[in-house]
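Can you read through this structure? Questions will come right after.
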Amino acid sequence: MKPTPNAEPEQPGEKKPASDLLNEQKAREFDEIATHVFAPIYPVMAGQILERTGKKSGTAIDLGCGPGLLATALAEQSSLRVYALDLSPAMLLVASEHIQASGMVRRVVPVLGDVHAIPFDDSTVDLVVSRGSWFFWDDLGRAFREIHRILAPGGLAYIGGGFGNARLKAEINRTMSQRGPEWEKGVQERSQKNNPDRVRAELGRAGIVSFNLIQDETGFWAVFTKGGT
Ligand code: SAM
């Protein structure tokens, strides 16, 4: 069965309600950080994910794609068709701009959706990735169950957060700390929230018994497959 995303992102230029304009301001603020500070991590991380999972063709989804920079980097370094999914129409507008600028419109497709009810058929996706989004999910266990549901047999999920490698992480910490004192506090809060014990428990709640937790200079990642290996 082919993946069937069933929602279209908002098109650039469409009229938006006032609440959405606020979201657009937030999306632009995150985009400014992603393009000016985080930018070097996405190609590095895409390379790590492709190497560690071995999934270089077929279908991939980037959940909580934000500006879409990881989704685009994955497509650029592989033959994957990548669906860039986010809950925020404003964020998808920003992602669409980056996808167009990268020339990857045929292989990176924006999709409006929620990780708690992913708009894809069962067993259709070869690689599910997500970076820095799981801190915002209301129900981690439900999201893990959804990811497991859409994974194709033998497909792999690579979900978590990080900054590529020790050097990039140190550089980003330095730059973001100079921008404001709240950065370090936020990093600490996020890592406490999705700590290994909680992630293990939520994977268990989702019925996922076979998984790897990677904790190294690349970040903290939960990796699992369908059927377990
Ligand atoms: N992955 C991107 C990156 O690394 O640049 C963006 C990370 S940003 C910190 C988190 C993103 O997750 C936001 O774009 C937000 O809209 C999205 N998000 C939060 N909750 C979500 C949900 N339930 N379903 C889909 N996306 C969600």
Side-chain angles (χ1 to χ4, degrees), residues 5-7 9-10 16 19-20 22-49 60-76 82-99 102 108-120 125 127-147 149-150 157-165 168-169 172 175-176 179 182-183 186-187 189-191 193-194 202 206 218-222:
N6 58 16
E10 188 175 343
K16 291 178 281 293
S19 62
D20 227 32
L22 272 183
N23 287 342
E24 184 163 344
Q25 191 185 332
K26 283 193 184 141
R28 297 278 171 205
E29 280 168 15
F30 184 80
D31 185 45
E32 191 278 323
I33 294 172
T35 51
H36 288 90
V37 187
F38 294 178
I41 71 173
Y42 299 106
V44 169
M45 200 167 281
Q48 289 163 349
I49 294 171
I61 302 190
D62 179 8
L63 296 173
C65 66
L69 301 180
L70 178 59
T72 306
L74 277 170
E76 282 171 345
V82 185
Y83 292 92
L85 180 146
D86 206 284
L87 190 61
S88 158
M91 207 54 115
L92 282 180
L93 185 67
V94 174
S96 301
E97 292 168 3
H98 282 299
I99 294 164
S102 73
V108 185
V109 182
V111 176
L112 186 63
D114 186 338
V115 295
H116 303 95
I118 303 174
F120 279 72
V125 181
L127 175 65
V128 181
V129 306
S130 183
R131 177 206 166 265
S133 183
W134 68 352
F135 308 110
F136 303 94
W137 300 348
D138 291 336
D139 186 337
L140 206 49
R142 187 166 152 205
F144 286 149
R145 212 167 25 244
E146 274 294 275
I147 293 167
R149 177 185 67 75
I150 63 164
Y158 195 99
I159 314 293
F163 294 98
N165 59 40
L168 289 170
K169 185 178 174 184
I172 287 168
T175 307
M176 291 305 292
R179 285 186 169 212
E182 66 282 358
W183 168 254
V187 170
E189 277 171 8
R190 286 191 289 277
S191 61
K193 184 177 179 195
N194 283 5
E202 296 291 340
T218 70
F220 176 41
W221 306 94

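First listed ligand is number 1; within each ligand, the first listed atom is number 1. Only heavy atoms go into these numbers, but all of them, side chains included; no hydrogens, no water, no symmetry mates. The structure presented is a predicted model; accordingly, all values stated were derived computationally and were not measured.
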Please report which non-hydrogen protein atom sits nearest to atom 6 (C) of ligand 1, along with the residue it belongs to and the distance in Å to one decimal place. Gly64 O, 3.4 Å

Quick check: closest heavy atoms across Val37 and Ile172, and the distance to 0.1 Å?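 Closest approach of Val37 to Ile172: O-CG1, 3.8 Å.
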
Glu202/Arg145 ion pair, N-O < 4.0 Å: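 No, no charged N to carboxylate O under 4.0 Å.
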
Just to be sure I read this right, does ligand 1 sit under 4.0 Å from the backbone of Cys65, its side chain, both, or neither, counting only heavy atoms? backbone

Given 3.5 Å as the limit, does a donor-acceptor pair link the side chain of Asp114 with the main chain of Ala117, or not?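 No, the answer is negative, given that no donor and acceptor are paired below the 3.5 Å cut-off.
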
To the nearest 0.1 Å, how far is atom 26 (N) of ligand 1 from its closest protein heavy atom, and which atom is that?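 Going by distance alone, atom 26 (N) of ligand 1 is nearest to Leu87 N, 3.3 Å.
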
N-O pairing of Lys26 and Glu29 below 4.0 Å: no

Using non-hydrogen atoms of the residue, decide whether Leu69 is closer than 4.0 angstrom to ligand 1. no

Out of all atoms in ligand 1, which are within 4.0 Å of some heavy atom of His116? Include the element for each.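 Close to His116: 23 (N).
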
Out of Gly132, Ala84, Pro89, who is nearest to atom 10 (C) of ligand 1 when you count heavy atoms only?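 Heavy atom nearest to atom 10 (C) of ligand 1 belongs to Gly132.
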
Give the atom numbers and elements of ligand 1 that come within less than 4.0 Å of a heavy atom of Tyr42. 3 (C), 4 (O), 5 (O)

Shortest non-hydrogen contact from Ile147 toward Ala157: CG2-CB, 3.7 Å

Looking only at heavy atoms, is any part of Arg131 under 4.0 Å from ligand 1, and if so is it the side chain, the backbone, or both, or is it neither?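 The answer is both, backbone and side chain.
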
Between Leu63 and Ser133 the two heavy atoms that sit nearest each other are O-CB, 3.8 Å

Which is closest to atom 16 (O) of ligand 1 by heavy-atom distance: Val115, Asp86, Val129?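 Among Val115, Asp86, Val129, the closest heavy atom to atom 16 (O) of ligand 1 comes from Asp86.
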
Where does Phe30 meet ligand 1, judged by heavy-atom distances below 4.0 Å: at the side chain, the backbone, both, or neither? side chain

Taking a cutoff of less than 4.0 Å between a non-hydrogen atom of the residue and any ligand atom, is Gly113 in contact with ligand 1? yes

Looking at atom 18 (N) of ligand 1, what's its closest protein heavy atom, distance included?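 Scanning the protein heavy atoms, the shortest distance from atom 18 (N) of ligand 1 goes to Ser133 OG, 3.5 Å.
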
What class does the angle between the rings of Phe38 and Phe30 fall in, given that below 30° is parallel, 30 to 60° is tilted and above 60° is perpendicular? perpendicular

Between Arg131 and Tyr42, which heavy-atom pair has the shortest distance, and what is it? NH1-OH, 4.1 Å

For ligand 1, is any non-hydrogen atom under 4.0 Å from Phe135's backbone (N, CA, C, O), its side chain (CB onward), both, or neither?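 Contact part for Phe135 vs ligand 1: neither.
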
Stacked cation flag Arg142 on Trp134, 6.0 angstrom / 45 deg: no

